[in-house]
Protein chains: 2
Amino acid sequence: MQFTSEQRLDDGVLEREFTLGEIPGVLWTSGSEPAPLILIGHNGGLYKREPRLVARARHYAAQYGFAAAAIDAPGHGDRPRSAADEQARADLRRALQAGEPVDEILDAFILPLVEKAVPEWRTTLDALLALPEIDGPVGYNGMTATGIRLALVEPRVSAAVFFGQGFVPGTLREEARQVTLPLQFLMQWDDEGMERQPTLDMFDAFGSKEKTLHANLGGHAGTPWFEVDDGARFFARHLK
Amino acid sequence: MQFTSEQRLDDGVLEREFTLGEIPGVLWTSGSEPAPLILIGHNGGLYKREPRLVARARHYAAQYGFAAAAIDAPGHGDRPRSAADEQARADLRRALQAGEPVDEILDAFILPLVEKAVPEWRTTLDALLALPEIDGPVGYNGMTATGIRLALVEPRVSAAVFFGQGFVPGTLREEARQVTLPLQFLMQWDDEGMERQPTLDMFDAFGSKEKTLHANLGGHAGTPWFEVDDGARFFARHLK
């Protein structure tokens, strides 16, 4: 793991970019005590420096003393896109514009993406947990599809906040039944691109004994800011 | 308003019983500064000293500095039951035991109850807001049926946490569309006596621009304790 930049931000948070093999990432920390870590997964099509993701990461670090980290998934952000990535994105754009169903395209795109992203998260976790500024249990905050597989294969992740509005391939929906970690599941009540029932069914599917659905008014990108605090307190309850 | 008892509890909270005409109530306060008030409505069949209600009220006061108050609804707790109350309770018990539908019985029972309880809450509010230890906006935390009507007619109530699992007569379900105050709506995902869809529809019906559904696993009486903190923080955001 190589740190490639370092910046002290005005909220006192130390922001460092790193690379780990092919994986580019960012780490946000504050304070001098070793802190529990929250992995922040970006949503599909976005990247590790998406402004709302960065605001969330800084808030976790500045207000709650967590360490927070984000990486670019394969084909996202600073990473090269394969011909297959480009093809899938083009297919998706075309289908959305034509108002055609996109489930098959997403299924063919998202499952391989998750299968590449999860081992990278685990490699990143190995490297981050070796740092003296990080210690203790780990949380995951991000899209559901990646989170399901990560929760299933990575015992060091012990609590998760999922952004429930997003396509989850059938294989992963099935795997969710075996997921047992405590979770908070965010839903947007008026998502433009998604009916309510599949999202409610997704929440229902998790095998966790402690799981809470937080549903807020508004469209896909309208999650209210107070949910960042609710998520941080959920992590504080389970990671500290 | 007459205070009839006064006790300093081990968490530092001052607990006082009062009567206001026919209405018996309890007030919990802490600290010396005037505090925003939370009205706590008991659920159907329960009363102002139900242990979980008292725990919630004391937590609001001890941990968050709110004043909290509960009163017995007509026919509940310390108050006499009318022949009609007794009849409705007997009908309800019989129908539940026989596994018959209870909607008509509840409708005939709950709407008149709400219509008696809401003016009493307003009278109580007048008296409590005249006390020097209470100041500022008011929140309501309790059953949805009473809360809808109270929110609609009482402009001093400016935020509400509703316990969403409970029968709401059709008249009040309609009125919910005119309710616009910020609200947090608690749902138990596995309620023994209630399907999910009517509760989701109830949440959907409110006219509020800011409303959040918190759905937790477990049966009717299984709301997890952390929701008390979530509710207190919601009130802190809106009342302070």
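Residue numbers start from 1 in every chain, and the chains themselves are labelled A, B, ... in the order their sequence lines are given, proteins ahead of strands.
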task = Please flag which part of A:Phe234 lies under 4.5 Å from any non-hydrogen atom of chain B: side chain, backbone, both or neither.
result = neither
query = Is B:Glu15 salt-bridged to B:Arg49, going by a charged N under 4.0 Å from an acidic O?
reply = yes
note = Note: vs chain B, highest number of non-hydrogen pairs under 4.5 angstrom among A:Leu200, A:Asp229, A:Thr212 is A:Thr212
ask   = So does A:Glu115 pair up with A:Arg149, basic N to acidic O under 4.0 Å?
value = yes
note = Greatest number of non-hydrogen atom pairs under 4.5 angstrom with chain B, of A:Lys209, A:Glu227, A:Arg233, A:Gln184, falls to A:Arg233
task = Assess the side chains of A:Gln188 and A:Asn216: does a donor N or O sit below 3.5 Å from an acceptor N or O?
result = no
key: Atom group of A:Asp204 that falls short of 4.5 Å from chain B, counting heavy atoms   = both
query = Are A:Trp189 and A:Arg196 close enough that some pair of their side-chain heavy atoms sits under 4.5 Å apart?
reply = yes
